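Since the structure comes first, as structure tokens, the remarks are kept for the end.
Being a predicted model, the structure only gives us computed values, none of them experimental. By convention in this document, chain letters (A, B, ...) are assigned in the order of the sequence lines, proteins followed by strands, and residues within each chain are numbered from 1.
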Amino acid sequence: MKTGKMLPLALKGLFTKPATISYPYQKVVVPSDFRGKLVFDPSKCVGCMLCVRDCPSGAIEIIKVGEKKYKAVVHLDKCIYCGQCCDSCVRQALRTSPEFELAVYDRKDLTVDI
Amino acid sequence: MGKVVIPIGPQHPALKEPENFVITLDGEKVVAAAVNLGYNHRGIEKACEQRTYLQDIYLIERICGICSHAHSTAFIQAAEEIAEVEIPRRAAFIRTLIGELERIHSHFLWLGVAGHEVGFDTLFMYSWRDRELVLDLVAKLTGNRVNYGINTLGGVRRDISPEEAAEIRKVIGALEERTKYYLGIASEETTLISRFLNVGRLSKEDALRLGATGPVARAADIKRDVRKDDPYAAYGEIPFDVITDTHADVLGRTLVRVKELMECYKIIRYILDNMPEGLISVRFPRRVPEGEAFSRYEAPRGEDVHYVKSNGMDKPERVKVRAPTMANAASVAHMLSGGYLADVPIVIAAIDPCFSCTDRTIRVRDIFRGSDSVLDWPALRDYSIRWYRENGLDFSGIKLFGREIG
Ligand code: SF4
Ligand code: SF4
């Protein structure tokens with residue numbers, strides 16, 4: 001039995017740099033395949049709606065904007081960033097990106113065309 | 001002096017989640033304790049019935065932020081059993097790998113919380129610093145720090161590349177060093193031992209009688225672990241030891257968890273050395289054939305149980321979740337009695353509670369007549385229809401899924 005076993009480590013901590021990152025002044029690097037905001041490639045989409053059907057939170061809409069032309073609207077406040085829509089899409093029209101800083105002042109701004 | 005009854009919670013600085021403990025005190029001593037669950041009912045089971053199996057995975061995963069993989073795996077195992085789908089071996093290995101990484105981060109988290117509850121914040125700071133290593137690693141492997149979303153029906157969603165495997169080995173090596181250090185702290189540091197020894201005692205007999213599970217049971221010398229007793233995923237072929245301890249108190253629970261970390265590293269190394277080649281998922285039918293299944297998973301907090309019933313549609317007819325904290329709740333009341341008021345926070349924390357995962361029940365209390373009653377499903381339905389009708393909403397004639405609801 002010993003008292004103060006963690007003391008040397010705690011004292012050493014006085015002279016080492018902090019373990020935390022001073023975010024947001026210092027940017028956090030997330031892995032490249034991090035599940036952040038969705039990215040949509042309209043040229044690949046065929047409007048099959050598989051992504052809409054499988055989304056667990058009803059966060060994605062595919063809207064027809066012309067002959068064989070579609071746009072994707074995502075409700076970032078509903079999206080749980082699971083990436084299931086990307087898995088369900090057989091055309092690889094959707095993918096996740098490492099973008100995670102999505103806070104806005106107005107909730108309306110969370111519905112975005114991607 | 002007379003006895004004093006004090007409520008702890010649902011909102012209390014010592015609790016991380018809302019739950020209510022009614023403590024009867026004689027001076028500083030707790031003479032009786034009661035646990036009241038039900039402040040976090042979120043209706044997840046009911047919500048599962050309205051979503052497809054695939055969508056349910058993500059909902060189920062959010063039952064708990066700490067053992068999300070435990071819940072999603074338990075649910076998926078049940079669905080796979082009903083659909084008679086066998087997952088590829090590689091998928092089973094990856095599931096096991098993520099499950100063990102989850103156990104590592106959960107036990108590190110617990111160690112910090114336990115330190116914090118007894119005023120040993122140095123331990124809290126350092127163990128949470130080290131926990132970041134494993135969180136960053138799972139973010140790299142799965143795409144997120146919590147709610148990994150690696151599971152899918154019929155397998156897993158992401159493969160482990162050789163570079164990732166090398167990274168895992170590196171992180172595991174660093175964590176192993178840290179764990180040895182914490183094992184030294186837990187077994188030698190006088191202040192910690194004096195604070196944990198003989199606190200929150202739960203004898204082997206009581207643990208069995210009250211149905212304790214996980215590290216709480218293992219610290220009372222009960223060799224019980226679903227990974228060994230009813231192996232799932234790849235556990236059947238992985239050698240590891242079930243850690244038990246004879247202290248039967250908070251110290252025992254600490255030692256069990258820290259030693260379990262060492263087993264996690266052993267399991268992960270075995271997985272990396274023996275990872276089979278092949279597919280990571282197989283096709284899973286949209287409509288799951290009629291049937292029911294019961295699935296068990298050894299979550300970091302103990303045995304997690306899921307029950308799924310299918311009626312042949314693409315949505316489950318019933319999903320039932322029994323989180324490990326539920327099994328340990330009865331033991332908490334027992335462990336609190338006889339101890340001191342100052343020990344209440346650490347005794348509760350020592351089961352590693354996760355109350356929002358636990359709460360499933362609704363107790364219907366008639367505030368006008370002051371009666372407590374348990375309503376079964378048809379009675380609850382009739383009650384709600386009557387209530388709405390009295391309040392001007394008539395559902396008669398409305399059909400839901402082809403059935404009259406009014
Ligand atoms: S990431 Fe998930 S929640 Fe978000 S739109 Fe895609 S499927 Fe829906
Ligand atoms: S699943 Fe892919 S192709 Fe189909 S609508 Fe969605 S984005 Fe377009």
**Prompt:** With respect to chain A, which residue among B:R62, B:M125, B:R51 yields the maximal number of heavy-atom pairs within a distance under 4.5 Å?
**Reply:** B:R62
**Message:** For the interface with chain B, which of A:G13, A:A19, A:C82 has the highest count of heavy-atom pairs at distances below 4.5 Å?
**Reply:** A:C82
**Fill in**
Greatest number of non-hydrogen atom pairs under 4.5 angstrom with chain B, of A:P31, A:S32, A:S57, falls to A:P31
**Item:** Donor-acceptor pair, side chain of B:T190 and main chain of A:K2, under 3.5 angstrom
**Value:** yes
**Fill in**
d(B:N144 CG, A:F34 CZ) to nearest 0.5 Å is 4.5 Å
**Asked** When you look at B:Y181 and A:K5, which way does the side-chain contact (heavy atoms from CB on, under 4.5 Å) test go after all the steps?
**Response** CA-CA 10 Å; B:Y181 176 78; A:K5 257 206 93 152; 5.8 Å; no
**Request:** Go through A:L7, A:D87, A:T20 and name the one with the most non-hydrogen pairs under 4.5 angstrom from chain B.
**Result:** A:D87
**Prompt:** So what's closer than 4.5 Å to chain A heavy atoms on B:T122: side chain, backbone, both or neither?
**Reply:** both
**Asked** Roughly how far, to the nearest 0.5 Å, is the CD1 atom of A:I80 from the OH atom of B:Y58?
**Response** 8.0 Å
**Side chain / backbone / both / neither for B:Y53 at chain A, heavy atoms under 4.5 Å** = neither
**Prompt:** Using 4.0 Å as the upper bound for N to carboxylate O, is an ion pair formed by A:D54 and B:R286?
**Reply:** yes
**Request:** Decide if atom CZ of A:R91 counts as having more than 12 heavy atoms of other residues, nucleotides or ligands within a radius under 6.0 Å.
**Result:** no
**Complete:** The side chain to side chain contact (heavy atoms under 4.5 Å, CB included) partner of A:M6 among B:T191, B:I185, B:L192 is B:I185
**Atom pair CD (B:Q55) and CD (A:Q84), whose distance is rounded to the nearest 0.5 Å** = 8.5 Å
**Item:** Heavy-atom neighbours of B:K320 NZ exceed 12 at 6.0 Å
**Value:** yes
**B:L54 versus chain A, the contacting section by heavy-atom distance below 4.5 Å** = side chain
**Prompt:** Any Lys/Arg nitrogen of B:R158 or A:D33 sitting under 4.0 Å from an Asp/Glu carboxylate oxygen of the other?
**Reply:** yes
**Message:** Within this structure, what is the CZ-CG distance for the pair A:R35 and B:N147, rounded to the nearest 0.5 Å?
**Reply:** 8.0 Å
**Request:** Please indicate whether A:R95 has more than 12 foreign heavy atoms, meaning atoms of other residues, nucleotides or ligands, lying under 6.0 Å from its CZ.
**Result:** no
**Message:** Looking at chain A, which one of B:L123, B:I57, B:D56 has the largest number of heavy-atom pairs inside 4.5 Å, strictly under?
**Reply:** B:L123
